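Only this structure's heavy atoms are used, side chains among them; waters, hydrogens and symmetry mates stay out. Since this is a predicted model, take the numbers as computed values, not measurements. Counting from 1, the numbers follow the sequence of the chain as shown.
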Amino acid sequence: QVQLVESGGGLGQPGGSLSLSCVASGSVLSIGDMGWYRQAPGEQLELVATIATFGDTHYADAVKGRFTISRDNAKNTVILQMNSLKPEDTAVYYCNADVTAYRDIDDVFYFNTSQYWGQGTHVTVSS
């Protein structure tokens, strides 16, 4: 079993900062790409930022220069630092990761790579 658990978020001021963290736990063998997505009320899910295993990053145009994604491979963690917040950043933010998990069945190990999602954390930007 693999779980992605997010923390952080909450209420932020316009121009202020918030930080989101996501930890992968359980039967994790390795993690590939990790990322953050968001869904604003009445809108579709959209990509915010992604980071590859060795640090290559990609950002949505709406957050470039304001948000920074990073990861700690030893801790199976991805972090989204959000600066210069805007009201339009208000959304539910979801962590995403490509995880290779293992299972031990009668001393035989099985491996499977799947995409996992966190439960979502609310970010509200308002004065």
Side-chain angles (χ1 to χ4, degrees):
Q1 298 283 347
V2 173
Q3 285 187 317
L4 299 185
V5 179
E6 297 134 341
S7 59
L11 177 63
Q13 299 274 346
S17 298
L18 286 173
S19 180
L20 305 180
S21 180
C22 173
V23 179
S25 64
S27 303
V28 177
L29 178 67
S30 64
I31 304 177
D33 290 350
M34 304 183 82
W36 290 93
Y37 292 72
R38 68 186 182 186
Q39 186 168 27
E43 301 291 332
Q44 291 188 332
L45 189 69
E46 65 174 0
L47 170 73
V48 176
T50 61
I51 183 166
T53 304
F54 297 109
D56 291 339
T57 58
H58 171 78
Y59 295 93
D61 288 342
V63 306
K64 276 182 183 176
R66 299 188 299 120
F67 290 10
T68 301
I69 188 170
S70 61
R71 64 190 287 170
D72 184 335
N73 292 330
K75 297 180 180 179
N76 293 339
T77 298
V78 62
I79 295 170
L80 185 69
Q81 177 64 40
M82 305 184 292
N83 299 327
S84 302
L85 288 167
K86 301 177 180 181
E88 50 263 43
D89 294 322
T90 295
V92 179
Y93 284 71
Y94 297 92
C95 174
N96 172 273
D98 293 328
V99 180
T100 298
Y102 64 89
R103 292 185 66 187
D104 178 5
I105 302 176
D106 295 332
D107 294 328
V108 177
F109 282 87
Y110 298 85
F111 307 100
N112 183 60
T113 300
S114 298
Q115 194 171 86
Y116 291 85
W117 291 87
Q119 78 283 2
T121 185
H122 289 262
V123 171
T124 301
V125 182
S126 175
S127 55

| task | Give the intermediate values and the outcome of side chain to side chain contact (heavy atoms under 4.5 Å, CB included) for residues Asn96 and Gln115. | result | CA-CA 7 Å; Asn96 172 273; Gln115 194 171 86; 3.1 Å; yes
| field | Criterion side chain to side chain contact (heavy atoms under 4.5 Å, CB included) on Leu11 and Ser126, from CA distance to verdict | value | CA-CA 7 Å; Leu11 177 63; Ser126 175; 4.3 Å; yes
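At least one donor-acceptor pair closer than 3.5 Å links the side chain of Arg71 to the backbone N or O of Ala52. A side-chain donor-acceptor contact under 3.5 Å links Asn73 to the backbone of Thr53. Put simply, the side chain of Asp106 never gets that close to the backbone of Val108: no donor and acceptor are under 3.5 Å apart.
Ring orientation note: the planes of Trp117 and Tyr94 are nearly perpendicular, at an angle over 60° on the 30°/60° scale.
Contact between Pro14 and Ser127 at its shortest, heavy atoms only, is CD-N, 3.7 Å. Scanning all heavy atoms of the two residues, the minimum distance from Ser19 to Ile79 falls at OG-CG2, 3.7 Å. Between Val5 and Gln119, the shortest heavy-atom distance links the atoms CA-OE1, 4.0 Å.
Residues in residues 80-90 take part in these side chain to side chain donor-acceptor pair (under 3.5 Å) pairs, two or more places apart or across chains: Ser17-Asn83, Arg38-Asp89, Arg66-Asp89, Gln81-Asn83.
Annotation for Leu85: hydrophobic cluster partners, listed by chain and number, are Val2, Leu4, Leu18, Leu20, Val28, Ile31, Met34, Trp36, Val48, Ile51, Tyr59, Val63, Phe67, Ile69, Val78, Leu80, Met82, Tyr93, Val99, Tyr116, Val123, Val125 (ILVMFWY side-chain heavy atoms under 4.5 Å, direct or chained).
Surrounding CD of Gln39 are more than 12 heavy atoms belonging to other residues, nucleotides or ligands, all under 6.0 Å away.
Put simply, OG on Ser27 and CG on Asn112 are 11.5 Å apart, with the number rounded to the nearest 0.5 Å.
By the criterion of side-chain heavy atoms lying less than 4.5 angstrom apart, applied directly or through intervening Ile, Leu, Val, Met, Phe, Trp or Tyr residues, Tyr110 is not grouped with Tyr102; the two fall into different hydrophobic clusters.
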